[in-house]
Asks: 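There's a structure below that I have some questions on.
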Amino acid sequence: MPTAVQVTKTGGPEVLEPAEVDVCAPQDGELLVDVAAAGVNYIDTYQRQGIYPMELPVVLGLEGAGTVVEAADGTGFAPGDRVAWQGSIGSYAARKLVPASVAVRVPEGVSLETAAATMLQGITAHYLVASTFEVKPGHDVLVHAAAGGVGLLLVQLAKARGARVIGTVSTEEKEKLAREAGADEVIRYDREDFAKLTRELTNGEGVDVVYDGVGKDTVDGSLASLKVRGLLALFGASSGPVPPLDPQRLNSGGSLYLTRPTSVHYTRTREEIDWRSKELFDAILAGELNVRIGGKYPLADARKAHEDLQGRRTTGKLLLIP
């Protein structure tokens, strides 16, 4: 079995290569962790393709969970601790050095696979509804790809905050999942004009916020779905990067707001990381947040996971299991 999956050149899923990678002892501020599961995210595909340049060779994977094997002095962690992380490259591996600064303890009652599936997408969903646009009772919210990993979490967290949630999906199966997660209305954007229907569902007003991780294919409709002074949170680009946009469109659309948030700016302090992860784990333990694991792949099958993710053949979260 390979100890890691690395990229030596940018390109399609075929550049993901199983490899033997040595891991040294932890240095100051580090934990040596046996990885139980690593999360697969769209940002991994951007790094693989060179859209987000990386120094090569590189082991991909920004999140995971596992058990501490060895901890450097002063980290506050000890061998045997169950930990999870996001924002630390190199998680497509059987064993990894994790900065203690981004590691969080996984509470009893939450499996390591669930923890791995929660970190990056869960924290993304949390900052989107709690910080980028603070969702409150009475808000109308549009969530694209509502049956995806982030989408299912966004639907649940926005509903828990009292919002009316409209989700967009592309298949009947995904519509069922979005409704089960709590979406009040679901639009099949593969066969309907989602902006027009969103307007109709809001009596012509539009929604307060659109959470858009799709990008190029949806951005125009997302802007057209907003009410006056509404906000478009463009947090991803699964359909491709959004072309340059004339700010005058924000004016003519109703003094709209546009932001391109990213996780690193919402996890800048230990306090923020702990706040977001604790609220997510507490909700899981209380049965108020369901983290759907849509697929588990052996580590050596990372290529297949990327193919399925980019082919939009998946729902929920994808994990690699060493």
Side-chain angles (χ1 to χ4, degrees), residues 1-66 69 72 84-103 116-117 119-121 123-124 149-150 213 215-216 235-242 260-265 267 295-312 314 317-322:
M1 294 293 290
T3 61
V5 173
Q6 67 177 4
V7 171
T8 58
K9 62 182 179 181
T10 58
E14 69 279 359
V15 304
L16 292 164
E17 301 174 348
E20 299 296 326
V21 177
D22 292 330
V23 182
C24 59
Q27 304 299 306
D28 290 348
E30 291 182 329
L31 312 173
L32 180 62
V33 178
D34 273 340
V35 179
V40 179
N41 296 283
Y42 258 101
I43 191 171
D44 305 346
T45 71
Y46 305 154
Q47 292 170 340
R48 188 203 74 224
Q49 295 171 85
I51 296 171
Y52 292 175
M54 306 284 292
E55 184 176 341
L56 302 178
V58 64
V59 175
L60 296 180
L62 286 168
E63 71 175 339
V69 176
W85 61 90
Q86 64 90 34
S88 178
I89 194 75
S91 301
Y92 288 11
R95 184 167 279 195
K96 169 177 165 49
L97 290 171
V98 178
S101 60
V102 302
M119 291 303 293
L120 197 149
Q121 291 183 339
I123 284 177
T124 296
V150 177
K216 179 171 65 69
F235 66 92
S238 62
S239 67
V242 172
R260 179 58 176 89
T262 191
S263 181
V264 66
H265 299 137
T267 53
K296 293 191 283 188
Y297 302 73
L299 180 62
D301 288 346
R303 171 179 175 174
K304 181 68 165 60
H306 276 226
E307 290 172 345
D308 289 347
L309 181 64
Q310 291 191 282
R312 301 189 186 183
T314 66
K317 184 70 184 186
L318 303 188
L319 297 177
L320 298 179
I321 309 297

Asks: Between atom CG of Leu318 and atom OH of Tyr42, what is the distance when rounded to the nearest 0.5 Å?
Replies: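 Reported to 0.5 Å precision, the distance equals 9.5 Å.
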Asks: With a 4.5 Å limit on heavy-atom distance, are the side chains of Arg312 and Ser239 in contact?
Replies: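 Yes, at least one pair of side-chain atoms sits under 4.5 Å.
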Asks: Using every non-hydrogen atom in the two residues, find where Val98 and Ala103 come nearest and quote the distance to one decimal.
Replies: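 Where Val98 meets Ala103 most closely, the heavy atoms are CG1-CB, 4.2 Å.
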Asks: Hey, are the side chains of Tyr92 and Val35 touching, using non-hydrogen atoms and a 4.5 Å cut-off?
Replies: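 Not in contact.
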Asks: Short question: side chain of Thr3, backbone of Ala19 - any donor-acceptor pair under 3.5 Å?
Replies: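 At least one qualifying donor-acceptor pair exists.
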Asks: Answer whether the closest heavy-atom distance between the side chains of Gln121 and Asn41 falls below 4.5 Å.
Replies: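 They are in side-chain contact.
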Asks: Using the rule given for side chain to side chain contact (heavy atoms under 4.5 Å, CB included), can you reason through Val69 versus Arg95, listing the C-alpha separation, both sets of side-chain angles and the distance that settles it, and then say yes or no?
Replies: CA-CA 9 Å; Val69 176; Arg95 184 167 279 195; 3.7 Å; yes
Asks: Can you tell me how far apart NZ (Lys96) and CG (Asp34) are? Round to the nearest 0.5 Å.
Replies: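 CG of Asp34 is found 13.5 Å from NZ of Lys96.
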Asks: Is there a donor-acceptor pair under 3.5 Å between the side chain of Tyr297 and the backbone N or O of His306?
Replies: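 Absent.
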Asks: Grab the two heavy atoms, one from Glu63 and one from Leu120, that are nearest each other, plus how far apart they are.
Replies: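 Looking at all heavy atoms of both residues, the shortest contact is OE1-N, 2.5 Å.
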Asks: How close do Ala72 and Gly29 get, heavy atom to heavy atom, and via which atoms?
Replies: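 Between these two residues, the closest heavy atoms are CB-N, 3.9 Å.
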Asks: Quick one: closest heavy-atom pair of Ala93 and Leu299, and the distance?
Replies: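 Where Ala93 meets Leu299 most closely, the heavy atoms are N-CD1, 3.9 Å.
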Asks: Measure across Ala4 and Val21 and return the closest heavy-atom pair with its distance rounded to 0.1 Å.
Replies: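 What the structure gives for the nearest pair is CB-CG2, 3.8 Å.
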Asks: Could you give the distance from NE2 (His265) to CZ (Arg260), rounded to the nearest 0.5 Å?
Replies: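 His265 atom NE2 to Arg260 atom CZ measures 11.0 Å (nearest 0.5 Å).
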Asks: How long is the straight-line distance from NZ of Lys317 back to NZ of Lys296, given to the nearest 0.5 Å?
Replies: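 With rounding to 0.5 Å, NZ (Lys296) is 14.5 Å from NZ (Lys317).
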Asks: I need the Glu30 CD to Leu97 CG distance, nearest 0.5 Å.
Replies: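 Answer rounded to 0.5 Å: 4.5 Å.
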Asks: Looking at Thr45, Leu319, Leu320, which one forms a side chain to side chain contact (heavy atoms under 4.5 Å, CB included) with Val40?
Replies: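 For Val40, the side chain to side chain contact (heavy atoms under 4.5 Å, CB included) test succeeds with only one of Thr45, Leu319, Leu320, which is Leu320.
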Asks: For a side chain to side chain contact (heavy atoms under 4.5 Å, CB included) check, start with the C-alpha distance between Ser263 and Ile123, then their side-chain angles and the critical distance, and finish with the verdict.
Replies: CA-CA 7 Å; Ser263 181; Ile123 284 177; 4.1 Å; yes
Asks: Is there a donor-acceptor pair under 3.5 Å between the side chain of Arg48 and the backbone N or O of Thr10?
Replies: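 Here the side-chain-to-backbone pair does not exist.
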Asks: Is any NZ, NE, NH1 or NH2 atom of the basic residue among Lys304 and Asp308 found under 4.0 Å from an Asp or Glu carboxylate oxygen of the other?
Replies: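 Here Lys304 pairs with Asp308 in a salt bridge, since their nearest N and O are under 4.0 Å apart.
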Asks: With heavy-atom distances below 4.5 Å as the criterion, would you say the side chains of Met54 and Ile89 are in contact?
Replies: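 Sidechains of Ile89 and Met54: in contact.
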Asks: Any heavy-atom pair between the side chains of Pro57 and Glu17 that's under 4.5 Å?
Replies: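 The answer is no; the side chains never approach within 4.5 Å.
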Asks: Is there a side-chain contact between Gln86 and Leu62 in this structure, where contact means two heavy atoms from C-beta onward sitting under 4.5 Å apart?
Replies: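 With C-beta onward as the side chain, the pair stays apart.
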Asks: Hey, mind stepping through Trp85 and Val33 against side chain to side chain contact (heavy atoms under 4.5 Å, CB included) and telling me if it holds?
Replies: CA-CA 11 Å; Trp85 61 90; Val33 178; 3.9 Å; yes
Asks: Between Thr314 (side chain) and Leu309 (backbone), is there a donor-acceptor pair under 3.5 Å?
Replies: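 Checked: no pair found.
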Asks: Applying side chain to side chain contact (heavy atoms under 4.5 Å, CB included), run through Val5 and Val59 and close with a yes or a no.
Replies: CA-CA 6 Å; Val5 173; Val59 175; 5.9 Å; no
Asks: Search all heavy atoms of Pro322 against all heavy atoms of Ala94 and return the closest pair with its distance.
Replies: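 So the minimum-distance heavy-atom pair works out to CB-CA, 3.7 Å.
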Asks: State the OG1-CE distance between Thr267 and Met119, to the nearest 0.5 angstrom.
Replies: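 Rounded to the nearest 0.5 Å, the OG1-CE separation comes out at 9.0 Å.
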